There are 2 protein chains.
Amino acid sequence: MNTPQPPRKDPVDAIIEQWAKVRPDLDTAAMEVFGRIHRISRAMADRSEKAYGALGLGRGEFDVLATLRRSGAPYTLSPRQLSATLMLTTGGMTGRLDKLERAGLLRRSPDPHDRRALRVTLTEEGLALVDRAVGAGLAAQTETLSAALGPERAAQLADLLRELLFTAETAER
Amino acid sequence: MNTPQPPRKDPVDAIIEQWAKVRPDLDTAAMEVFGRIHRISRAMADRSEKAYGALGLGRGEFDVLATLRRSGAPYTLSPRQLSATLMLTTGGMTGRLDKLERAGLLRRSPDPHDRRALRVTLTEEGLALVDRAVGAGLAAQTETLSAALGPERAAQLADLLRELLFTAETAER
DNA sequence: TGGAAATAGCTTAGCACTAAGCAACTTAAC
DNA sequence: GTTAAGTTGCTTAGTGCTAAGCTATTTCCA
């Protein structure tokens with residue numbers, strides 16, 4: 001399964017070759033990394049979405065439930081905390097919460113200490129569903145990763161990505 | 001700039017720690033890779049968008065122009081080729097082409113050999129603009145990459161990503 | 001050669017998001 | 001204690017996508 005592959009050509013290599021023909025002056029080294037990251041991200045989003053989809057959840061809804069789940073008992077956060085964590089505007093969050101509340105997966109209740117604010121809490125159904133969804137999503141990821149790389153190279157990849165993430169998310173000048 | 005970093009904790013490490021507290025049974029190793037890939041992809045999309053944005057282009061428009069540009073002279077493709085390359089429905093492509101044609105960056109003309117089909121061609125303005133935009137986008141990527149990793153580790157990262165991309169884009173069973 | 005199937009690009013309806021702005025409320029400043 | 005400033009969640013308008021369906025045209029093949 002995980003013997004180091006002979007270096008095959010992938011779709012990103014093909015794009016880079018095309019650029020080399022028409023714009024040989026360009027330095028395309030960064031595409032080798034970011035072009036692939038973009039495509040992997042998109043492909044894995046599709047795979048995960050398929051895993052939750054079987055449970056009737058979209059990616060956005062899953063993200064809300066998972067954020068509540070991993071906050072621990074009593075599975076309660078404010079809409080603001082959720083939209084900040086998920087890098088979503090408050091308008092977008094209102095829509096997600098509406099849908100999830102209608103599906104009975106969470107509950108909105110007034111915050112007892114601040115009458116402007118709300119508390120969003122997972123219901124029992126929501127808790128049970130998200131536990132299954134997290135398992136399914138993670139299984140899809142694990143399967144893909146271990147089919148591509150052994151544990152050692154996967155760990156090496158994770159380290160390189162960690163350093164790149166720091167820089168990428170640092171406020172641009 | 002590129003001395004191997006002391007292992008700092010990043011946002012993905014924090015999320016994984018949270019899961020470990022509330023669901024210690026989960027195998028979260030794959031998140032180390034795909035969680036970071038997702039976040040880097042998002043962060044870099046924002047950065048690139050900012051680079052083209054200065055030229056009045058959104059990411060979607062840029063992608064269309066760049067695909068035409070790297071196809072080489074005479075910078076002509078069909079709407080179908082474009083939507084297939086960019087993994088976009090034909091409806092979405094119609095909208096992008098409308099906007100770009102209105103801006104004078106490309107032209108639609110009938111295909112002489114197939115009366116169902118069109119040919120989409122970059123105008124001179126479109127060609128000049130996309131050449132500037134590609135330079136700007138690539139500069140933003142190059143800057144981020146070289147601030148995070150030296151050339152050697154960047155190449156190593158590219159190789160690991162290539163293998164992961166093969167598996168991620170392979171049709172799921 | 002004629003008819004069925006496939007393909008091209010467009011249209012429409014629906015969805016999920018952002019940006020901007022709102023009223024209600026809380027906090028800070030003096 | 002009053003006023004100014006900030007925060008919260010929601011609403012609205014606008015954007016860009018998908019899915020499904022349409023017409024016109026081409027290709028396949030019996």
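Please read these numbers as outputs of a predicted model, since none were measured by experiment. No hydrogens, no waters, no symmetry mates; every other heavy atom, side chains included, goes into these values. All chains are named by letter (A, B, ...) in the order of the sequence lines, taking the proteins before the strands, and each is independently numbered beginning at 1.
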May I have all residue pairs that pass salt bridge (charged side-chain N to carboxylate O under 4.0 Å, His left out) and include part of residues 66-86 of chain A, sequence neighbours excluded? A:Arg69-A:Asp131
With ring-ring contact (aromatic ring centres under 6.0 Å, His included) as the rule and sequence neighbours excluded, what pairs involving residues 78-119 of chain A come up? none
Which salt bridge (charged side-chain N to carboxylate O under 4.0 Å, His left out) pairs, counting each pair once, include a residue from residues 27-42 of chain B, with sequence neighbours left out? A:Arg162-B:Glu32, A:Glu169-B:Arg39, B:Asp10-B:Arg36, B:Asp13-B:Arg36, B:Glu32-B:Arg36
Return the set of residues passing side-chain hydrogen bond (donor to acceptor under 3.5 Å, both in side chains) with B:Thr94 (not counting sequence neighbours), or none when no residue passes. none
Within the 4.0 Å limit for protein heavy atoms, which parts of nucleotides 8-18 of chain D are touched? Write it as a string from 5' to 3', B for base, S for sugar-phosphate only, - for none. SSBB----SSB
What is the 5' to 3' range of DNA chain C, first to last nucleotide, that sits under 4.0 Å from any heavy atom of chain A? C:dA16 to C:dT26
All pairs passing salt bridge (charged side-chain N to carboxylate O under 4.0 Å, His left out) where residues 112-122 of chain A contributes a residue, at least two apart: A:Asp114-A:Arg116
Which residue pairs pass the ring-ring contact (aromatic ring centres under 6.0 Å, His included) test when at least one of the two sits in residues 14-38 of chain A, sequence neighbours left out? none
Pairs flagged by ring-ring contact (aromatic ring centres under 6.0 Å, His included) wherever residues 59-80 of chain A is involved - sequence neighbours left out: A:Tyr52-A:Phe62
